[in-house]
Amino acid sequence: MKIALAQINPTIGAFWQNSQKILAFTEKAQKKGAELVIFPELSLCGYPPRDLLTRKDFRKAVEDTLIYLKKNLPKDITVVLGAPRSKDGAKNLPVENQAIVITNGEEVVSYGKNLLPPYDIFDEPRYFKPSYQTACFLLKGISIGLSICEDIWPLPGFLDFDYAFDPLEGLAGRIEILITITASPYFVGKVNIRKKLLASQAKRMGTYIFYVNQVGAHDHLLFDGQSLIVSPEGKIVGEAKDFEEDLILFDFSAKKAIKHPISESKTASLLKSLVFGVREYFRKTGFKGALIGLSGGIDSSVTAVIATKALGPENVIGVLMPSPYTSQESNEDAKKLAANLGIKTLTIPISQTFETLRQEIAKSLGRETKGLTQENLQARIRGNILMALANEFNYLVLNTGNKSELAVGYCTLYGDTCGALSVLGDVLKNDVYALAREVNREKEIIPARVLKKPPSAELRPDQKDEDDLPPYRILDPIIKGFVEEGKSVRELISQGYPKEIVKEVLKRLRIEEYKRWQLPPTLKVSPRAFGYGWRYPITHKFFFEE
């Protein structure tokens, strides 16, 4: 028997478009000789639909599309797809997150996801109910079991969340193949975790596992695909591409491995994911062009490269907004970068506007404004200019801030925090430099001086980031340890980081929470990103506990 893994990119709520994609991939798989084709979790409506599921017209569209597919799917091929629905026909929430098996226009069996994650970016118990059942079916004399995403994760060492039961236990010894349909969000290195998990489960169950993952991006979430086939010995015998739609055909009789190319390194994967995330965001929102404030610094340079790769140089505009403190070198580097990328630039100096506003505010106060007030005033002028140009061109502003800055509030609310999408908001500063080196691996695109000069906001004379922050070589591991790895103050200090620096960083992280509540959506590329999955209160003081 030949089995196809259809790694598709559905769009949330685009039922007609998604159904046509399912039909096209099924027909393609059938032409290649497949007798079974498997699609990702909630492939019918796209994942995650969130509060669209609360709408009766949305749920009706699910049922209508299923009826359409049953009538139009090719005969003599079995299809497994994902959809939100209720077995008993109930019209209210919660529904089940189902895997549905269709053959010759008939529904053979359906399975409702049992484990519903309530942590990080997931809130599935808000919409779904568990089925508390297992499901399997026979095809060509082979017994096949069904599972969905989280159902395969509750093995020791893989989750920080305990579920009441293991839904795979009821399938052990009963099946030869376990199908897992999934929409598993990406972060750097996650594919290696998946491989270890699937190898453990395959050996434990004594089965082949066909793991089909969604590819695509929805808002801040990226889905890398990289669907997998794992043998009962725990070996990877099938692997789909990353960040591309793909179709893998596996001959279950011959059992010959088939692996498609993926990113060669973690940094290459990170770069590809960010380019993909920007491209998807613009494609699925319908916007064509991006505006970026080009400062001549590392963050805006990397963001401009990503935008150009994602959208094409003709759809990116870099905006230079020099102030009295902008160095000649920064202007030169910004212009050189733009020339290397082939993007258009606009230059709008802010010195006169800054001076006028400074004087007007000082006149009202009866005294000169303080240093920080003047620094932030420059950032907010730039934000206003970018948003005005966004209106003028009907473009979106891409935010250029990185995770290190956002963690400690080294950013100006309504200034450099503005934008429709934060590209680097989940990328630590040192990783931004790694991205720049990856960009320049074959030829220099980002001017070499950008990577060498000390980072600076250039909002006062001779300003350097390290005048206000600990060195990034210390700051980044503290942020990563606390935010992504959940380490305590005591654990961080025991690792050798100076106590006063640790406490100061975490104090700043706590008191700047209100800024992060107001940030643009941030592309998630780490195990724990600021944004939808980071739900810390603004007014707490827990970070001082030791």
Side-chain angles (χ1 to χ4, degrees), residues 291-300 303 317-331 333-334 345-393 395-402 404-422 424-425 454-469 504 507-520 530 538-539:
L291 286 158
I292 301 163
L294 285 187
S295 67
I298 190 74
D299 300 314
S300 66
T303 303
I317 298 176
V319 186
L320 286 70
M321 296 170 283
S323 78
Y325 309 114
T326 302
S327 66
Q328 181 180 342
E329 291 82 0
S330 291
N331 277 326
D333 291 338
T345 61
L346 295 172
T347 300
I348 305 176
I350 68 166
S351 296
Q352 183 176 344
T353 305
F354 169 57
E355 183 60 24
T356 300
L357 283 172
R358 187 189 65 78
Q359 289 181 10
E360 289 298 322
I361 294 171
K363 187 189 302 182
S364 176
L365 294 174
R367 57 176 171 79
E368 187 57 80
T369 53
K370 298 176 182 178
L372 185 60
T373 304
Q374 295 192 19
E375 291 178 32
N376 288 344
L377 186 58
Q378 295 168 69
R380 292 186 175 113
I381 291 169
R382 289 176 171 135
N384 268 306
I385 290 171
L386 288 171
M387 296 311 297
L389 292 174
N391 292 149
E392 181 66 23
F393 293 110
Y395 276 18
L396 295 181
V397 173
L398 290 180
N399 183 273
T400 62
N402 63 68
S404 305
E405 296 169 347
L406 300 180
V408 293
Y410 193 61
C411 52
T412 303
L413 204 56
Y414 319 122
D416 56 335
T417 58
C418 75
L421 180 69
S422 175
L424 300 177
S456 170
E458 292 192 326
L459 297 173
R460 62 176 184 263
D462 300 318
Q463 184 183 24
K464 303 291 183 294
D465 285 8
E466 291 188 9
D467 297 339
D468 303 294
L469 301 174
E504 178 60 26
K507 177 183 176 182
R508 292 183 66 164
L509 191 147
R510 176 180 62 81
I511 64 176
E512 302 291 355
E513 189 68 50
Y514 74 98
K515 288 185 181 179
R516 290 189 292 274
W517 277 40
Q518 301 179 66
L519 293 178
F530 297 128
I538 293 173
T539 54

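Residues take their numbers from the sequence shown, with the count starting at 1. Hydrogens, waters and symmetry mates play no part in the numbers below; they use all other heavy atoms, side chains included.
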Q: What are the two closest non-hydrogen atoms of Cys418 and Gly383, and how far apart are they?
A: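 Closest approach of Cys418 to Gly383: SG-CA, 3.9 Å.
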
Q: Is the shortest side-chain heavy-atom distance between Leu396 and Leu421 below 4.5 Å?
A: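 No, every pair of side-chain atoms sits at 4.5 Å or beyond.
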
Q: If you apply the rule side-chain contact (heavy atoms from CB on, under 4.5 Å), what do you find for Ile317 with Thr345, and how did you get there?
A: CA-CA 5 Å; Ile317 298 176; Thr345 61; over 6 Å; no

Q: Considering only heavy atoms from C-beta outward, does the side chain of Leu389 approach that of Val319 to under 4.5 Å?
A: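 Yes, at least one pair of side-chain atoms sits under 4.5 Å.
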
Q: Which heavy atom of Thr347 sits nearest to which heavy atom of Pro322, and what is that distance?
A: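 So the two residues come closest at CG2-CD, 4.1 Å.
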
Q: Begin from the C-alpha positions of Met321 and Leu386 and carry the test side-chain contact (heavy atoms from CB on, under 4.5 Å) through to its verdict.
A: CA-CA 10 Å; Met321 296 170 283; Leu386 288 171; 3.8 Å; yes

Q: Rounded to the nearest 0.5 Å, how far does CG of Leu294 lie from CG of Asn331?
A: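 The CG atom of Asn331 sits 10.5 Å away from the CG atom of Leu294.
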
Q: Determine yes or no for a side-chain-to-main-chain donor-acceptor pair under 3.5 angstrom, with Lys464 supplying the side chain and Ser456 the backbone.
A: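 Answer holds: no.
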
Q: With no hydrogens and no angle check, just 3.5 Å: does a side-chain donor-acceptor pair link Asn376 and Thr412?
A: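 There is such a pair between these side chains.
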
Q: Looking at Gln463, is its backbone amide N or carbonyl O close enough to the side chain of Asp467 to form a donor-acceptor pair, meaning the two atoms are under 3.5 Å apart?
A: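 No, the answer is negative, given that no donor and acceptor are paired below the 3.5 Å cut-off.
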
Q: Report yes or no: do Gln378 and Gln374 form a side-chain donor-acceptor pair below 3.5 Å?
A: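 No, no side-chain donor-acceptor contact under 3.5 Å.
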
Q: Start with the C-alpha distance between Asp468 and Arg460, add both sets of side-chain angles, then the distance that settles salt bridge (charged side-chain N to carboxylate O under 4.0 Å, His left out), and finish with yes or no.
A: CA-CA 12 Å; Asp468 303 294; Arg460 62 176 184 263; 3.1 Å; yes

Q: Over all heavy atoms of both residues, which pair between Val397 and Ala390 is shortest? Give the atoms and the distance, please.
A: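 Val397 and Ala390 have their closest heavy atoms at CG2-CB, 3.9 Å.
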
Q: Is Arg516 close enough and on-axis enough to Phe530, meaning under 6.0 Å and within 45°, for cation-pi?
A: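 Yes.
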
Q: Check whether the side chains of Gln518 and Tyr414 place a donor and an acceptor atom closer than 3.5 Å, and report yes or no.
A: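 Yes, because at least one side-chain N or O of Gln518 sits under 3.5 Å from a partner of the opposite role on Tyr414.
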
Q: How many angstroms lie between CD in Glu512 and NZ in Lys507, if you round to the nearest 0.5 Å?
A: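 Between atom CD of Glu512 and atom NZ of Lys507 there are 11.0 Å.
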
Q: So, Ser330 versus Glu458: side-chain donor-acceptor pair below 3.5 Å or not?
A: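 Yes, a side-chain donor-acceptor pair sits under 3.5 Å.
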
Q: So, taking the atom named OG1 in Thr539 and the one named CD in Glu513, what distance separates them when rounded to the nearest 0.5 Å?
A: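 It comes to 10.0 Å.
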
Q: Apply the side chain to side chain contact (heavy atoms under 4.5 Å, CB included) test between Leu377 and each candidate in Ile361, Thr353, Thr369; give the one that qualifies.
A: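 Among Ile361, Thr353, Thr369, the one meeting side chain to side chain contact (heavy atoms under 4.5 Å, CB included) with Leu377 is Ile361.
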
Q: Would you sort out whether Tyr410 and Asp416 count as a side-chain contact (heavy atoms from CB on, under 4.5 Å), showing the intermediate values?
A: CA-CA 10 Å; Tyr410 193 61; Asp416 56 335; over 6 Å; no

Q: Indicate whether the side chain of Ser295 and that of Ser300 have a donor and an acceptor atom separated by less than 3.5 Å.
A: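 Side chains of Ser295 and Ser300: pair found under 3.5 Å.
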
Q: Are the side chains of Tyr325 and Pro461 in touch, meaning some heavy atoms are under 4.5 Å apart?
A: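 Yes; the side chains approach each other to less than 4.5 Å.
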
Q: Restricting to non-hydrogen atoms, name the atom on Ala420 and the atom on Pro520 that form the minimum distance, rounded to 0.1 Å.
A: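 Closest heavy-atom pair between Ala420 and Pro520: C-CB, 4.0 Å.
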
Q: Could you give me the CA-CA distance, side-chain angles and deciding distance for Asp299 and Glu405, then say whether side-chain contact (heavy atoms from CB on, under 4.5 Å) is met?
A: CA-CA 11 Å; Asp299 300 314; Glu405 296 169 347; 3.4 Å; yes

Q: For residues Leu357 and Ile381, determine if any side-chain heavy atom of one lies less than 4.5 Å from a side-chain heavy atom of the other.
A: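 Yes, their side chains come closer than 4.5 Å.
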
Q: For a 4.5 angstrom cut-off between non-hydrogen side-chain atoms, does Leu519 reach Ser422?
A: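 They are not in side-chain contact.
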
Q: With a 4.5 Å limit on heavy-atom distance, are the side chains of Arg508 and Leu469 in contact?
A: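 Result yes, sub-4.5 Å side-chain heavy-atom pair found.
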
Q: State, to 0.1 Å, how close Lys515 and Gly409 come at their nearest heavy-atom pair, and which atoms those are.
A: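 Smallest heavy-atom distance, with atoms named: NZ-O, 2.9 Å.
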
Q: Report yes if some heavy atom in the side chain of Cys411 is under 4.5 Å from a heavy atom in the side chain of Thr417; otherwise report no.
A: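 They are in side-chain contact.
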
Q: Is there a donor-acceptor pair closer than 3.5 Å between any side-chain N or O of Glu355 and the backbone N or O of Ser351?
A: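 Looks like no, no N/O pair under 3.5 Å.
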
Q: How far apart are the closest heavy atoms of Arg382 and Leu459, and which atoms are they?
A: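 Looks like NH1-CD2, 3.5 Å.
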
Q: Can you find a pair of side-chain heavy atoms, one from Thr400 and one from Ile292, that are under 4.5 Å apart?
A: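 Yes, close enough: below the 4.5 Å cut-off.
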
